[in-house]
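Here is the structure we will look at, set down as structure tokens.
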Amino acid sequence: MKKKPAIQPPPSAATSAPDAAAVATALEAWFLANGRDYPWRRTADPYAILVSEVMLQQTQITTVLDRGYYTRWLRRFPGFATLAAASEADVLKAWEGLGYYRRARHLQKLAQVVMRDHGGLFPRDVEQIRALPGIGPYTAGAIASFAYDDARPIVDGNVARVLSRLFDDATPIDSTAGKKALWERAASLVKAAASPRVFNSALMELGQALCRAASPQCIVCPVRPHCTTRRPDELPVKEKITTLTDVAERVFFSRTADGILLEQETGSRRTGLWKLPALPEADTIPASPPVLHKTSYGITRYRVTLWIHEPPESKSWPPAHRRFSIADLAHVPMPSPYRKALEAVMKLQNLALE
């Protein structure tokens, strides 16, 4: 198969660092005419913007919007007060299916700190924002710029790709030097913008819509005259390449007149959620009970094969195990892979969630 030719900017492309003011002006004008309409772009409420930013960490926009997570969350927890006062179980249940549940816990802790230390008002000072639970430099910059129109830089994966190409920089974006350069360049550009809110939205939109990882649309890029790279398909560069590790996870399905047995997770990123119980070590291969269902899912660096077995021989279960009626299962916070596996097994056994 012939290798695709590199996508080249025009011969007149700039050969020195792009002019910040020119880039900002072009990008803002393009976004105001072409930016996509998301609900968090229609508000300056720091709480609503915070929720969107936390949800969008490691989760695609289509998942957050098309499956209704953002709308349901704001309906269930419309502000810091309702989120701070909610039970952890309610918070985890509302987050179910988004994964990385630590985000939901940090969001609730943040709401509690805002209520306790800031009188229920989200702080405006970026250093105070950074001091809140679960807030890093990107989220702090996003809230400061989107809610308050402050000239604060943001750098995520999309922005890193745009800046690497715009400045024709092959420094690995995951290296110390690469990260420093990205934040400095993002800061210089946003300071030249007429509206930091519009500019940062435009910078992210450019990476999502045109300056994509594969097949960048250079021909219609609004900053094409200012882009210094002639090798967009080779940028950005990373030092570390993520590889997936295959692992097997064995659980079992046990149902009695008292309900279906579940195990509450502890000491992991899914602490407090319920799952199908782990098959005791003594009952694993080669002596494991028959398999009822097999599925797979991905999490961080792992590709997990989930085996659901018939229950092992009757024994007493530790306190982390509890039986739930079929009617109660719909209200129990459970990681999405286990919910799907449980529903598949119940369907096989002609059971249905009530």
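For reference, positions follow the sequence shown, starting with 1. Scope of the values below: all heavy atoms of this structure, side chains included, with no hydrogens, waters or symmetry mates.
- Between the Ser188 side chain and the Arg185 main chain, a donor and an acceptor come within less than 3.5 Å of each other.
- Between Tyr101 and Trp274, the distance separating the two ring centers is not shorter than 6.0 angstrom.
- Closest approach of Leu182 and Leu163 over heavy atoms only: O-CD1, 3.6 Å.
- Closest of all the heavy-atom pairs between His226 and Leu166 is O-CD1, 4.0 Å.
- Remark: Leu206 CG to Ser201 OG distance equals 12.5 Å, nearest 0.5 Å.
- Between the side chain of Arg41 and the main chain of Arg36, a donor-acceptor pair closer than 3.5 Å is present.
- Proximity of a side-chain donor or acceptor of Arg72 to a complementary backbone N or O of Arg67 within less than 3.5 Å is detected.
- With hydrophobic clusters built from ILVMFWY side chains whose heavy atoms lie under 4.5 angstrom apart, Leu292 does not share a cluster with Trp307.
- Heavy atoms from other residues, nucleotides or ligands lying under 6.0 Å from CD of Gln60 number 12 at most.
- Contact check for Pro277 versus Trp317: no side-chain heavy atoms found under the 4.5 Å cut-off.
- Side-chain atoms of Thr139 do not come within 3.5 Å of backbone N or O of Ile135 as any donor-acceptor pair.
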**Q.** Intermediate values then yes/no, side chain to side chain contact (heavy atoms under 4.5 Å, CB included), Phe252 and Ile308
**A.** CA-CA 5 Å; Phe252 65 91; Ile308 301 91; 5.9 Å; no

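- Closest approach of Arg339 and Val332 over heavy atoms only: NH2-O, 2.5 Å.
- Between the OG atom of Ser336 and the CG atom of Leu273 there is a distance of 11.0 Å, given to the nearest 0.5 Å.
- Under a hydrophobic-cluster definition in which Ile, Leu, Val, Met, Phe, Trp and Tyr are linked whenever side-chain heavy atoms come within less than 4.5 Å, directly or via other members, Leu244 and Tyr100 are assigned to different clusters.
- When atom types are taken as modelled, the side chain of Arg165 and the backbone of Leu235 share a donor-acceptor pair closer than 3.5 angstrom.
- Side-chain N/O atoms of Ser254 and Glu310 include no donor and acceptor closer than 3.5 Å.
- Gln208 is listed as a side-chain neighbour of Ile61, based on a closest heavy-atom distance under 4.5 Å.
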Q: Output, in order, the C-alpha distance, side-chain angles, deciding distance and verdict of side chain to side chain contact (heavy atoms under 4.5 Å, CB included) for His118 and Gln128.
A: CA-CA 10 Å; His118 300 280; Gln128 289 185 318; 4.2 Å; yes

Q) Could you go step by step and tell me if Met334 and Leu262 meet the side chain to side chain contact (heavy atoms under 4.5 Å, CB included) rule? A) CA-CA 10 Å; Met334 186 181 302; Leu262 297 179; 3.7 Å; yes

Q.
Pair Leu276, Leu261 - check side chain to side chain contact (heavy atoms under 4.5 Å, CB included), show working.
A. CA-CA 7 Å; Leu276 290 166; Leu261 189 69; over 6 Å; no

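- In the hydrophobic cluster analysis, where Ile, Leu, Val, Met, Phe, Trp and Tyr join through side-chain heavy atoms closer than 4.5 angstrom, Val51 is grouped together with Tyr38.
- Checked by atom type and distance alone, the side chain of Asn200 pairs as donor or acceptor with a backbone atom of Arg152 at under 3.5 Å.
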Q: Test Glu96 against Lys93 for salt bridge (charged side-chain N to carboxylate O under 4.0 Å, His left out), laying out the working first.
A: CA-CA 5 Å; Glu96 185 179 307; Lys93 179 61 182 173; 3.2 Å; yes

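- The two residues Pro333 and Gly272 come nearest to each other via the heavy atoms CG-O, 4.5 Å.
- Look at Lys179 and Asp174 and you find no salt bridge, because none of the NZ, NE, NH1 or NH2 atoms lies under 4.0 Å from a carboxylate O.
- Counting only residues at least two apart or in different chains, side chain to side chain donor-acceptor pair (under 3.5 Å) contacts with residues 21-31 are absent.
- A 4.5 Å side-chain heavy-atom check between Phe253 and His293 finds every atom pair outside the cut-off.
- Counted by atom type alone, Thr229 and Asp168 present one or more donor-acceptor pairs between their side chains at under 3.5 Å.
- The two atoms that bring Arg161 and Pro236 nearest to each other are CG-CD, 3.5 Å, heavy atoms only.
- No option in Lys275, Arg323, Arg322 other than Lys275 meets the salt bridge (charged side-chain N to carboxylate O under 4.0 Å, His left out) test with Glu263.
- Cluster membership for Met204 and Val64, using ILVMFWY side-chain heavy atoms within less than 4.5 angstrom, is shared.
- The distance from the CG atom of Leu110 to the CG atom of Leu50 is 5.5 Å, given to the nearest 0.5 Å.
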Q.
Applying side-chain hydrogen bond (donor to acceptor under 3.5 Å, both in side chains) to Arg103 and Thr59, what does each step give before you reach the verdict?
A. CA-CA 11 Å; Arg103 294 180 294 172; Thr59 305; 3.2 Å; yes

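- Annotation: side chain of Leu306 is not in contact with side chain of Ser296 (no heavy-atom distance under 4.5 Å).
- Under the 4.5 Å side-chain criterion, counting only non-hydrogen atoms from C-beta, Val237 is not in contact with Ser164.
- Between Asp169 and Thr171, the side chains place a donor N or O and an acceptor N or O closer than 3.5 Å (distance only, hydrogens not considered).
- A donor atom on one side chain and an acceptor atom on the other are not found under 3.5 Å apart for Thr305 and Asp246.
- A heavy-atom distance below 4.5 Å is found between the side chains of Leu32 and Val198.
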Q.
Checking Lys347 against Glu343 for the salt bridge (charged side-chain N to carboxylate O under 4.0 Å, His left out) test, could you report, in this order, the C-alpha distance in whole Å, the side-chain angles of both residues, the deciding distance, and whether it holds?
A. CA-CA 6 Å; Lys347 185 176 181 181; Glu343 290 174 350; over 6 Å; no

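- Within the model, atoms CE of Met115 and CZ of Phe80 stand 9.5 Å from one another, a figure rounded to the nearest 0.5 Å.
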Q: Determine, step by step, whether Tyr69 and Trp95 satisfy the ring pair (Phe, Tyr, Trp, His ring centres under 6.0 Å) criterion, reporting the C-alpha distance in whole Å, the side-chain angles of both residues, the deciding distance to 0.1 Å, and the verdict.
A: CA-CA 8 Å; Tyr69 286 106; Trp95 199 267; 8.1 Å; no

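- In terms of hydrophobic clustering, with Ile, Leu, Val, Met, Phe, Trp and Tyr side chains grouped at heavy-atom distances under 4.5 Å, Val126 and Val54 are assigned to different clusters.
- In this structure, OG1 on Thr82 lies 9.5 Å from CG on Leu74, to the nearest 0.5 angstrom.
- Judged by distance alone, with hydrogens and angles left aside, the side-chain atoms of Gln108 form a donor-acceptor pair with the main-chain N or O of Leu83 at under 3.5 Å.
- When side chains are defined from C-beta on, Ile219 counts as touching Arg224, because their heavy atoms get closer than 4.5 Å.
- Taking OG1 from Thr300 and CD from Gln58, the interatomic distance works out to 9.0 Å, rounded to the nearest 0.5 Å.
- Between Thr243 and Arg301, every side-chain heavy-atom pair lies at or beyond the 4.5 Å cut-off.
- When all heavy atoms of Ser145 and Pro196 are compared, the closest pair comes out as CB-O, 4.2 Å.
- One side chain, Glu53 or Tyr138, offers a donor N or O that lies under 3.5 Å from an acceptor on the other.
- Of the residues Phe146, Trp73, Tyr47, Tyr70, the one that meets the ring pair (Phe, Tyr, Trp, His ring centres under 6.0 Å) test with Trp40 is Tyr70.
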